[in-house]
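Please read the structure below before turning to the comments.
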Amino acid sequence: MKIVFSIIVSILINILTCGAQEVDNSHFKNKYGIALTPTRSPNVYGICLGPIGSESICGYPYFKKSHGLNIQFFGQGILWMYSPLNSFKNLKYQDENLAPIDTLIKYDALRAYHNGLLISIFGAIDTRVNGLTFSFFYGQGFRINGLALNLFRNQFNQVMGAEIGFINEAGSVRGIQIGLINKTQELKGIQLGIWNVNDKRKLPLINW
């Protein structure tokens, strides 16, 4: 019980202090093989293991990238999974290619990139994934190129592939959303679910 409490406190401290620090990570070197997360290393090639991800470490513009298998035993997703359901309306306008640089600094966005397989119990946040991200609860990120399989809820600015979960939200989708509720501002593909919303229409069962 003490271990679980310590991890929760650690996550909350990371979140509350996020954006309040500017850290020079330039002297940290890449890691190869197995690395413990969170880490300030700019790149990890191999396997990342830890209670939470490196996105918990602030300090724009020093992004942390993993290449291979990234396992977050808990993750930070549970703290965001109950945000309002209409939040998908704002997702399209938070693309790093469109947002002014001071906005990205203010919110310390895009702190972690994952190339490969990302697994966590509660889910990862503020991530860009090329590959597959999986959790039992929540996944949030700027872009998924591949498959977002977060069983309770997905929220991504851009989906290039597939979102699968009970609730799927995206700024734009080029691919497919599969769930009970699917919402996006811009769709080039298919939505399959009990209720489907996009910029063209709202329909049950299937939308395009």
Side-chain angles (χ1 to χ4, degrees), residues 11 14 18 23 25-77 80 91-92 94-99 101 104-105 107-151 153-165 168-178 188-189:
I11 292 174
N14 274 309
C18 186
V23 181
N25 288 3
S26 59
H27 63 282
F28 288 92
K29 297 181 179 180
N30 295 334
K31 291 185 178 180
Y32 301 86
I34 298 177
L36 299 179
T37 58
T39 177
R40 295 195 189 279
S41 295
N43 289 277
V44 175
Y45 298 91
I47 301 174
C48 294
L49 297 172
I52 55 179
S54 294
E55 61 269 13
S56 65
I57 299 177
C58 299
Y60 179 94
Y62 304 103
F63 306 142
K64 276 68 67 175
K65 300 180 182 180
S66 68
H67 311 271
L69 177 61
N70 190 306
I71 299 176
Q72 301 176 16
F73 296 115
F74 293 93
Q76 299 160 271
W80 280 266
L91 290 174
K92 185 178 179 182
Q94 297 174 8
D95 187 327
E96 73 275 21
N97 297 318
L98 301 178
I101 192 70
L104 294 179
I105 293 175
Y107 294 103
D108 201 26
L110 294 171
R111 293 188 300 275
Y113 287 46
H114 304 286
N115 299 312
L117 176 60
L118 171 62
I119 300 174
S120 60
I121 295 176
F122 295 115
I125 64 164
D126 289 336
T127 58
R128 184 171 184 167
V129 180
N130 297 307
L132 187 152
T133 175
F134 170 80
S135 78
F136 292 102
F137 290 93
Y138 178 77
Q140 178 195 92
F142 277 83
R143 180 179 295 173
I144 171 73
N145 294 313
L147 172 62
L149 180 58
N150 298 288
L151 299 184
R153 189 175 182 184
N154 290 290
Q155 281 187 310
F156 285 87
N157 297 83
Q158 296 179 344
V159 176
M160 310 288 286
E163 273 187 322
I164 300 177
N168 299 305
E169 298 173 280
S172 64
V173 175
R174 283 165 176 75
I176 187 170
Q177 290 181 313
I178 301 175
K188 291 187 177 180

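It should be emphasised that the depicted structure is a prediction, and the values quoted were computed from it without experimental measurement.
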Checklist entry - Are Phe136 and Tyr138 an aromatic pair by the rule of ring centers under 6.0 Å? => result no
Next on the checklist: Distance check, rounded to the nearest 0.5 Å: Leu69 atom CG versus Ile47 atom CD1?
Outcome noted: 5.5 Å
Item to check | Backbone N/O of Ile164 and side chain of Asn154: donor-acceptor pair under 3.5 Å | outcome: yes
Item to check | Euclidean distance, Asn130 CG relative to Met160 CE, rounded to 0.5 Å | outcome: 10.5 Å
Checklist outcome for this item: CD of Gln155 to CZ of Phe142, rounded to nearest 0.5 Å, is 12.0 Å
Checklist entry - How long is the span from the NZ atom in Lys65 to the CG atom in Asn115, to the nearest 0.5 Å? => result 7.5 Å
Checklist entry - Do the ring planes of Phe137 and Phe122 sit parallel (below 30°), tilted (30 to 60°) or perpendicular (above 60°)? => result tilted
Checklist entry - Which atom pair, heavy atoms only, marks the closest approach of Gly53 to Pro38? => result O-CB, 3.6 Å
Checklist entry - Looking only at heavy atoms, which two atoms of Ala124 and Ser120 are closest? And how far apart? => result N-OG, 3.6 Å
Checklist entry - Between His67 and Val44, does a side chain to side chain contact (heavy atoms under 4.5 Å, CB included) hold up when you go through it step by step? => result CA-CA 6 Å; His67 311 271; Val44 175; over 6 Å; no
Checklist entry - Is atom CG of Leu36 surrounded by more than 12 heavy atoms (other residues, nucleotides or ligands) closer than 6.0 Å? => result no
Checklist outcome for this item: Correct closest heavy-atom pair for Gln72 and Gly75 would be OE1-CA, 3.7 Å
Checklist entry - Is there a side-chain contact between Arg143 and Phe156 (heavy atoms, below 4.5 Å)? => result no
Checklist entry - In Å, rounded to the nearest 0.5 Å, how long is the span from CD1 of Ile71 to CG of Leu49? => result 5.5 Å
Checklist entry - Looking only at atom types and distance, does a side-chain atom of Thr37 sit under 3.5 Å from a main-chain N or O of Ile52, one as donor and one as acceptor? => result yes
Item to check | Pairwise side-chain contact, Gln158 with Arg128, heavy-atom cut-off 4.5 Å (strictly under) | outcome: no
Checklist entry - Is there a side-chain contact between Leu118 and Leu132, using heavy atoms and a 4.5 Å cut-off? => result no
Checklist entry - Would you say Phe73 and Ile119 make side-chain contact, with heavy atoms under 4.5 Å? => result no
Next on the checklist: We want to know whether Ser66 and His114 form a side-chain donor-acceptor pair, criterion being a heavy-atom distance below 3.5 angstrom.
Outcome noted: yes
Next on the checklist: A side-chain contact here means heavy atoms from C-beta on lying under 4.5 Å apart; do Thr133 and Ile144 qualify?
Outcome noted: yes
Item to check | Set of side chain to side chain donor-acceptor pair (under 3.5 Å) partners for Ser135, sequence neighbours left out | outcome: Asn150
Checklist entry - Got Val173 and Lys188 here, is their nearest side-chain heavy-atom distance under 4.5 Å? => result no
Checklist entry - Should Glu169 and Arg153 be marked as a side chain to side chain contact (heavy atoms under 4.5 Å, CB included) after you check the CA-CA gap, both sets of side-chain angles, and the distance that decides it? => result CA-CA 8 Å; Glu169 298 173 280; Arg153 189 175 182 184; 2.6 Å; yes
Next on the checklist: With a 4.5 Å cut-off on side-chain heavy atoms, are Thr39 and Ser54 touching?
Outcome noted: yes
Checklist entry - Which value, rounded to the nearest 0.5 Å, describes the distance between Asn157 atom CG and Gln140 atom CD? => result 8.0 Å
